[in-house]
Structure formats: structure tokens, C-alpha cells
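Report on the structure given below.
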Amino acid sequence: MNNTQDHEYQQHTLKRPIHFIGRGLHSGKAVSMTLQPAPTDSGYEFYRQDLKPPYNVVPARWMTVTNTRMSTTVSNRMGVSVDTVEHLMAALFACGVDNCRIDLDGAEVPIMDGSAKPFVDQIQAVGLMAQAKPRMAVVIKEPIWVKEGNAKAGLVPFPEPWLDMTIDFKSSMIGKQSFTLPLNQKTFSQQVSAARTFGFAEHLQAMKTLGLAQGGSLRNAILVDKDNVVNPEGLRFNDEFVRHKLVDAVGDLSLLGVHIVGCFVGQRSGHRLNNHLLRQLMHREDGWQMTTLENAIVNWEHIIEDEGRRGWQ
């Protein structure tokens, strides 16, 4: 993912810390969060400031995902968790931050305005620092799909990181929407980062009964009531709903810990299916190859041809 021309294939971290204050979307609790520079190969790690070591360290990885109901939750082996990580993960990954320590004084990432844009803006303002080790990538050599009901998600061979998402809701306000784009800092920042999370008025009471959406408001989510958007300012994009689903997908896929050289295809896909896809991918070692991101991009055709497979299948 190209974030600096001179060091695009090297790992990066933040130049200096960034501080955020907000509320958890589901817990409704106030939370303080600081993004810190981190060493090479450390990936994304949460440090719960309200708990004592060693219980407080929660790695954000595909295998540490423990709950995907309405958001993505990661937990450590002691059962300590951090909720609603996907928007922050998407912003870090899309902005080219490979390694970051995340200090958090509660159990949920602040929702901010319901999108990834507040995180993206501050990351871009602070800037990145190149690190000594190369970025790694998984090259998708053969298609892999997971399905659940009428939803499915897949990764198919493609010479660069790419996203293709389709959603389909009964509400005429949303209906069927599709969006596709290359995954890099510019496209993510300009085309999808500002898309907000959304919910339906008819589900709101049930969610609150389950302890969810306690911090939800028109300031941090789009509320759809039947076929209307309740938010007085309306939508940021005509197809803001599918764009936000792409934000979620980037956040969920970032938990692989490396770049994916291939195309993610989501059809009504959500957090649960996105994580299931990564788990299936890791069990299908014959379908991908780990290499440096530079080699994956520069020598993609040779990597695919070595296996006798090319392109879409």
C-alpha cells in the first residue's frame, strides 16, 4: 500500500503519539485513547491502562477475534477484551501504519463520529516514520470463499490489493449498493473513510436491551427509520452504507497482520464472515504464498504462474 514513494515497501509507525477522547458506541462509556509509535513486527496491540500487566495487553489479530456481533472484539488469553476495533484498525492499516501501540483506559475504542475519518485525519497530520524491516504480504494464488445463508465473502487472485463490496437491504433507502476500489491511502481517505456506521430504528430497542448501542446517537451513526434517514444533515454519500461496509472490511482484514495482494469480494458480508474468511485462508496454505510486499507486487505474475494459476478463476 503506497503511503510514501521512497519507502512504500518498508514497515512504518507513527512519528509521534496521537490522543483521542470519546465514548464507546456499545458501552456508552467515556474513553481516552493514545496511539503510540511501536517497534517493527509488533503489529497492533492494545494496552488497557485500567488493568495491570500482564493482563492488560490485547493483541489485535485474526485469531484473537472473539465476538463479531455488531462489531469486532479482540481478546487475550486471560479473557481481557477490547470492543469495536474495526474503524481504528482500518484507519491505521489504510494509512500505512504497520506497527502501533494503542493505550486505552477502557474496554472499547471511541466511536468518534461513527467513521474512520477522525483517525485518518490525525494519522495523516502526524505523519509516519519508515522502519528498517520490509512489509510482508500474502499473495492469493487461488480463490477461497466462505458462505453463510445468502452472504458470502472471498479472496481471489489479483495483482494488487483491491476491494469489491455489495450489500442488499430491504429498506428502499439502502436497497442494493456496490462499490469497488483499489486499497491504498488515497482511495481509502477520499472515498470511504468518512462513511459512518448505521442502524435501524426498528432494531434499536432490542439492541439496547442486549447492552448494545448504549452510546449511539445521531452524532456518531446514521439512523434509518423505515425508508428515511433520521439524521438532519442527511448522508455524506448517496451510497454511504456500502462505503461503510468497506471500512469495516478493511478493519477486519487488517487483522491478518500483513498485506493481502488479491481482491476481497464481499456480498452482504459482515464482521463474522470477514473473520471466518481469514481463518479459512490460514487453513488453506496451498492457496497463498507469503513474501515481501515488494516481491508480491513486482513479481505477481511469476508467483501465480509458478502454481499454474493466473487471474480470476
Side-chain angles (χ1 to χ4, degrees), residues 1-3 8 11-14 18 33 35 38 40-46 58-68 71-75 82-102 104 109 115-120 122-124 128 131 135-140 153-155 160-165 181-189 191-193 195 197 243-266 269-282 288 290 293 296:
M1 190 174 305
N2 302 344
N3 64 291
E8 62 181 290
Q11 292 182 31
H12 285 68
T13 191
L14 297 167
I18 309 172
M33 180 177 75
L35 310 183
T40 57
D41 295 330
S42 61
Y44 308 137
E45 290 185 318
F46 288 95
V58 183
R61 306 282 191 277
W62 62 271
M63 76 287 283
T64 65
V65 172
T66 53
N67 194 344
T68 52
S71 65
T72 296
T73 297
V74 292
S75 304
V82 177
D83 301 329
T84 321
V85 305
E86 59 271 14
H87 303 165
L88 174 62
M89 297 294 98
L92 287 168
F93 187 79
C95 287
V97 181
D98 301 280
N99 304 297
C100 184
R101 168 178 168 150
I102 305 152
L104 197 65
V109 172
S115 78
K117 191 175 189 302
F119 302 132
V120 168
Q122 291 303 309
I123 292 168
Q124 291 179 338
L128 307 185
Q131 297 178 291
R135 287 174 168 156
M136 302 302 291
V138 160
V139 179
I140 304 301
L155 290 164
E160 61 180 300
W162 202 277
L163 301 165
D164 188 308
M165 177 68 81
L181 79 165
L183 178 54
N184 57 60
Q185 182 174 178
K186 183 177 180 180
T187 58
F188 183 87
S189 174
Q191 298 188 46
V192 299
S193 71
T197 192
R243 293 184 195 227
H244 183 75
K245 285 293 187 178
L246 279 173
V247 172
D248 285 345
V250 173
D252 291 338
L253 295 175
S254 75
L255 299 181
L256 188 62
V258 297
H259 294 255
I260 299 175
V261 177
C263 180
F264 166 80
V265 182
S269 182
H271 301 301
R272 175 184 170 88
L273 210 55
N274 295 342
N275 185 251
H276 184 41
L277 177 63
L278 293 186
R279 292 176 184 270
Q280 288 297 107
L281 176 69
M282 290 295 96
W288 53 271
M290 179 80 78
L293 180 60

Arg272, CZ: over 12 other non-hydrogen atoms inside 6.0 angstrom: no
Asp98: partners by salt bridge (charged side-chain N to carboxylate O under 4.0 Å, His left out), with sequence neighbours left out: Arg135
Candidate pair Leu255 and Thr72, rule side-chain contact (heavy atoms from CB on, under 4.5 Å), full reasoning: CA-CA 10 Å; Leu255 299 181; Thr72 296; 4.1 Å; yes
Gap between atom OG of Ser115 and atom CZ of Arg243 - 0.5 Å precision: 13.0 Å
Gap separating the CG atom of Leu183 from the CG atom of Leu246, nearest 0.5 angstrom: 9.5 Å
Set of side chain to side chain donor-acceptor pair (under 3.5 Å) partners for Gln191, sequence neighbours left out: none
Donor-acceptor under 3.5 Å (Asn99 side chain, Ser42 main chain): yes
Val247 versus Ala116, closest heavy-atom pair with distance: CG1-CB, 4.0 Å
From CA spacing to verdict: side-chain contact (heavy atoms from CB on, under 4.5 Å), Leu88, Leu35: CA-CA 10 Å; Leu88 174 62; Leu35 310 183; 4.0 Å; yes
Side chain Thr84, main chain Val109, donor-acceptor under 3.5 Å: no
Sub-4.5 Å side-chain heavy-atom contact between Ser71 and Glu86: yes
Residue pair Gly96 / His12: nearest heavy atoms and the distance that separates them: O-CB, 3.3 Å
Close side-chain approach of Val85 to Val65, heavy-atom, < 4.5 Å: no
Qualifying residues under ring pair (Phe, Tyr, Trp, His ring centres under 6.0 Å), relative to Phe119, sequence neighbours excluded: Phe20
Derivation and outcome, side-chain contact (heavy atoms from CB on, under 4.5 Å), residues Tyr44 and Phe93: CA-CA 10 Å; Tyr44 308 137; Phe93 187 79; 3.6 Å; yes
Listed partners of Arg279 passing side chain to side chain donor-acceptor pair (under 3.5 Å), at least two apart: Asn275
Side-chain donor/acceptor of Thr187 to backbone N/O of Pro182, under 3.5 Å: yes
Contacts of His276 that satisfy side chain to side chain contact (heavy atoms under 4.5 Å, CB included) - sequence neighbours left out: Val146, Leu273, Gln280
Residues that Ala249 engages under side chain to side chain contact (heavy atoms under 4.5 Å, CB included), provided they are two or more places apart: Met165, Phe264, Asn274
Partners passing side chain to side chain donor-acceptor pair (under 3.5 Å) against Ser75 (at least two apart in sequence or in another chain): Thr66
Ala137: partners by side chain to side chain contact (heavy atoms under 4.5 Å, CB included), with sequence neighbours left out: His259, Val261, Leu293, Ala296
side-chain contact (heavy atoms from CB on, under 4.5 Å) assessment of Asp248 paired with His271: CA-CA 7 Å; Asp248 285 345; His271 301 301; 3.5 Å; yes
Sidechain-backbone polar pair: Thr64 side chain, Pro59 backbone, donor-acceptor under 3.5 Å: yes
Interatomic spacing from CD1 in Ile18 to SG in Cys100 - rounded to 0.5 Å: 7.5 Å
Counterpart residues, side chain to side chain donor-acceptor pair (under 3.5 Å), relative to Thr73 (two or more places apart): Asp83
Atom pair CD/OG of Gln185 and Ser193 - distance to nearest 0.5 Å: 10.0 Å
Minimum heavy-atom distance between Ala38 and Arg101, given as atom pair plus value: CB-N, 3.6 Å
Residue list, side chain to side chain contact (heavy atoms under 4.5 Å, CB included) with Met282, at least two apart or on another chain: Trp62, Leu256, Trp288
pair Val138-Leu155: side-chain heavy atoms closer than 4.5 Å: no
Interatomic spacing from CG in Leu277 to CG in Leu253 - rounded to 0.5 Å: 7.0 Å
Heavy-atom side-chain contact between His87 and Thr197 under 4.5 Å: yes
Heavy-atom side-chain contact between Val74 and Arg61 under 4.5 Å: no
